[in-house]
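A short worksheet on the structure shown next.
We name chains A, B, ... by the order of the sequence lines, and we start the count at 1 in each one.
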Amino acid sequence: MTPRLRFAPSPTGDLHVGGARTALFNWLYARHLGGQFLLRIEDTDRERSTEHAVRAIFDGLTWLGLDWDEEPLFQHAREAAHRAAAAQLLQSGHAYRCYCTTSELEQMREEQRAHGAKPRYNGRCRHRSDAPDLPFVVRFKTPSDGSIAFDDLIKGRMVVANDELDDLVLQRSDGTPTYNLAVVCDDAAMRITHVIRGDDHVNNTFRQLHLYRALGLTEPAFGHMPLILGDDGAKLSKRHGATSVFEYARLGYLPAAMRNHLARLGWSHGDQEHFTTDELIAAFDIHEVGSSPSVFALQKLDSLNGWYLRNSDLDELTDLFAKYLDREGIAVEVDHDRSWLRQIVAAQRERTTTFKEMAEKSGYFFRTPLELDEEAAHKHLRPVVLEPLRELRDALAALDAPLTAEAVKTPFEAILARHELKMGKLAQPARVALTGSAISPGIFDVIEITGKQRCLDRLDAALAYVERRATGELAS
RNA sequence: GGUCCCAUCGUCUAGCGGUUAGGACGCCGCCCUCUCACGGCGGAAGCAGGGGUUCAAUUCCCCUUGGGACUACCA
């Protein structure tokens, strides 16, 4: 039997990091086993499901690099099968019609709470023999004694007494199936062999196990992974900041970093911190997933992202960065080609942690008017550098060959030697002149990326600035 | 409240009866250095508490405490 795993989100919003990790673990394990990874959209609640959210889930998975096999199954399309299952259970005596109204149920729970009892359905309609012409729901007749157990792939043996489980609704009064019925029918129909989902489903698993048995279906193996918590220890939610994978995409994180980070939440492989996707697939084993919840720490993601920035293939990175700029509408107001952008990525990737930061710190490459940092200018563009800076300008102007970092090095150092200057004494003024800032990539790289004409223009402007200071036109 | 799950540095984690309790992020210091980074080296930082079991418990068991999940005609 080939392993078949699935990710079954309900389309009520973007793909959030918790769902992303569930998808990732299913995907990893499916690939690890050489099986299939399937998608099912749990849209039986037509009210809350939106087409936009379906799109968002597909896009989110695609961004993360998780591919799925076969066409995604939309659960609402299987309503007939779900009804048939409910009918079968009614027929076999495993379920019954319940005519209690919502307000009656509300009142029932209210009273139970008042008595300090567990609020649950009391089985009032369980034994009624009449069949009034009233709206009804189909309820499952949960065994009243004994217990139900299963061996969780992650948590081990799980047991609960049957009387903790009340008679759940299988089919609503409008004839639509509820979650638990639909899940069981569809997992069986999809021949799912391993159900790996969040911890929040353990209670459902007990109920679903009863349904599998009542329906005479083969049970899959179950694994419940611990939830992801926010940095305050509570279940990750909006108030913890970005929760949608798209937000991370927009913040300039790499899918590879996100995958690595998510994978390491609850799972580890010795002391290994960085994984290629193939390594992840080879090493991942659902049995090794830890059972305690973990906190989604942004700092760790940052460091991982920086690592992937520094260690990924430069061309791939350049493509991704170009896409990022495009997606975020960040304009590059200079004629350029892919190799120019590649130089920027090469120069910036050691000093940035995300594409967002990379873009922000590359403004002096992207745009022509320079924003001069006052403090940096005041500190580094002083009259003493007038001569060396002018010589640099002239040396660059005199160079016939393109201003590559390599080509610029020699004349630059000649000026240093002539004036008996340390590297920093000329590099910093030049840096401020060319970038407007005291912080940038190496000065030779900056010169190369900036290009001859812009270098000369900017040096001229800086020279003029220094001259004005020298003549006292500017307060120094 | 009830049921279930969980508990090693601040965080992610290794550990699977005997370890100077390891790694990573973050933090601190030093080195490298044209700035910022990267990189290298070093440091501070942890077994929640209490009982057992055992020659020996971070490790096995129980209790306490603390977290979390579930408790719908949502999924």
Side-chain angles (χ1 to χ4, degrees), chain A residues 8-12 42-45 47-49 75 98 100-102 105-106 109 112-113 115-121 135-139 152 154-156 158-161 163-166 168-180 182-183 198-204 206 224 226-227 229 231 233-235 261 264-274 290-304 306-307 310 348-353 361 376 380 412 416 421-432 435 437-444 446:
Chain A
S10 57
T12 52
E42 310 234 310
D43 54 355
T44 53
D45 184 348
E47 299 277 298
R48 304 202 309 159
S49 303
Q75 196 158 55
C98 168
C100 297
T101 64
T102 311
L105 293 173
E106 197 52 50
R109 279 190 276 266
Q112 287 163 333
R113 254 189 287 270
H115 290 97
K118 178 188 172 77
R120 61 209 297 262
Y121 183 64
F136 63 88
V137 300
V138 176
R139 276 187 194 275
D152 192 282
I154 295 169
K155 295 169 179 294
M158 303 284 283
V159 190
V160 78
D163 61 12
E164 288 300 329
L165 278 17
D166 59 358
L168 71 155
V169 173
L170 300 177
Q171 192 177 81
R172 302 188 185 94
S173 49
D174 66 358
T176 60
T178 60
Y179 170 73
N180 283 293
V183 165
D199 225 345
D200 48 343
H201 282 288
V202 288
N203 270 286
N204 287 323
F206 293 115
H224 294 92
L227 268 17
L229 274 23
D231 49 18
K235 185 176 176 178
H261 188 237
R264 287 296 321 286
L265 254 35
W267 175 82
S268 63
H269 187 62
D271 282 341
Q272 189 170 352
E273 299 289 343
H274 307 289
S291 50
S292 52
S294 41
V295 173
F296 186 89
L298 199 59
Q299 282 185 327
K300 191 97 174 192
L301 212 213
D302 281 337
S303 104
L304 240 22
W307 189 88
R310 273 171 266 122
Q348 300 279 215
R349 65 172 173 176
E350 287 192 358
R351 59 204 93 235
T352 53
T353 67
K361 288 190 173 172
H380 297 290
F412 194 100
L416 250 31
L421 291 173
K422 295 264 220 176
M423 183 68 187
K425 292 294 180 194
L426 183 54
Q428 277 306 82
R431 169 169 286 116
V432 176
T435 70
S437 156
I439 298 169
S440 85
I443 192 64
F444 301 136
V446 167

Mind calculating the distance between CG (A:Asn203) and P (B:C4) to the nearest angstrom? 10 Å
Protein-to-nucleotide contact annotation, 5' to 3' order, nucleotides 6-28 of chain B [B base; S sugar-phosphate only; - none; under 4.0 Å, heavy atom]: SS---SBSS-------BBBSS--
Below 4.5 Å, heavy atoms only, C-beta onward: do A:Lys300 and A:Glu273 meet side chain to side chain? yes
Picking from B:C4, B:G2, B:C70, the nucleotide nearest the side-chain atoms of A:Met158 would be B:C4
Of the listed nucleotides B:C73, B:A37, B:A75, the one nearest the side chain of A:Arg351: B:A37
Rounded to whole angstrom units, what separation is found between the CD1 atom of A:Ile443 and the C1' atom of B:A37? 15 Å
What is the distance, rounded to the nearest whole Å, between atom CD of A:Glu350 and atom C1' of B:A37? 7 Å
Can you find a donor-acceptor pair, distance only, under 3.5 Å between A:Ser173 side chain and B:C73 base? yes
Regarding B:C38, can its base be found pairing with the side chain of A:Arg310 as donor and acceptor, where the two atoms are less than 3.5 Å apart? no
Got a donor-acceptor contact below 3.5 angstrom from the A:Arg431 side chain to the A:Pro441 backbone? yes
Record whether the side chain of A:Asn204 comes under 3.5 Å of the base of B:A75 through a donor-acceptor pair of N or O atoms. yes
For A:His201 and B:A75, are the ring centres under 5.5 Å apart with planes inclined under 30°? yes
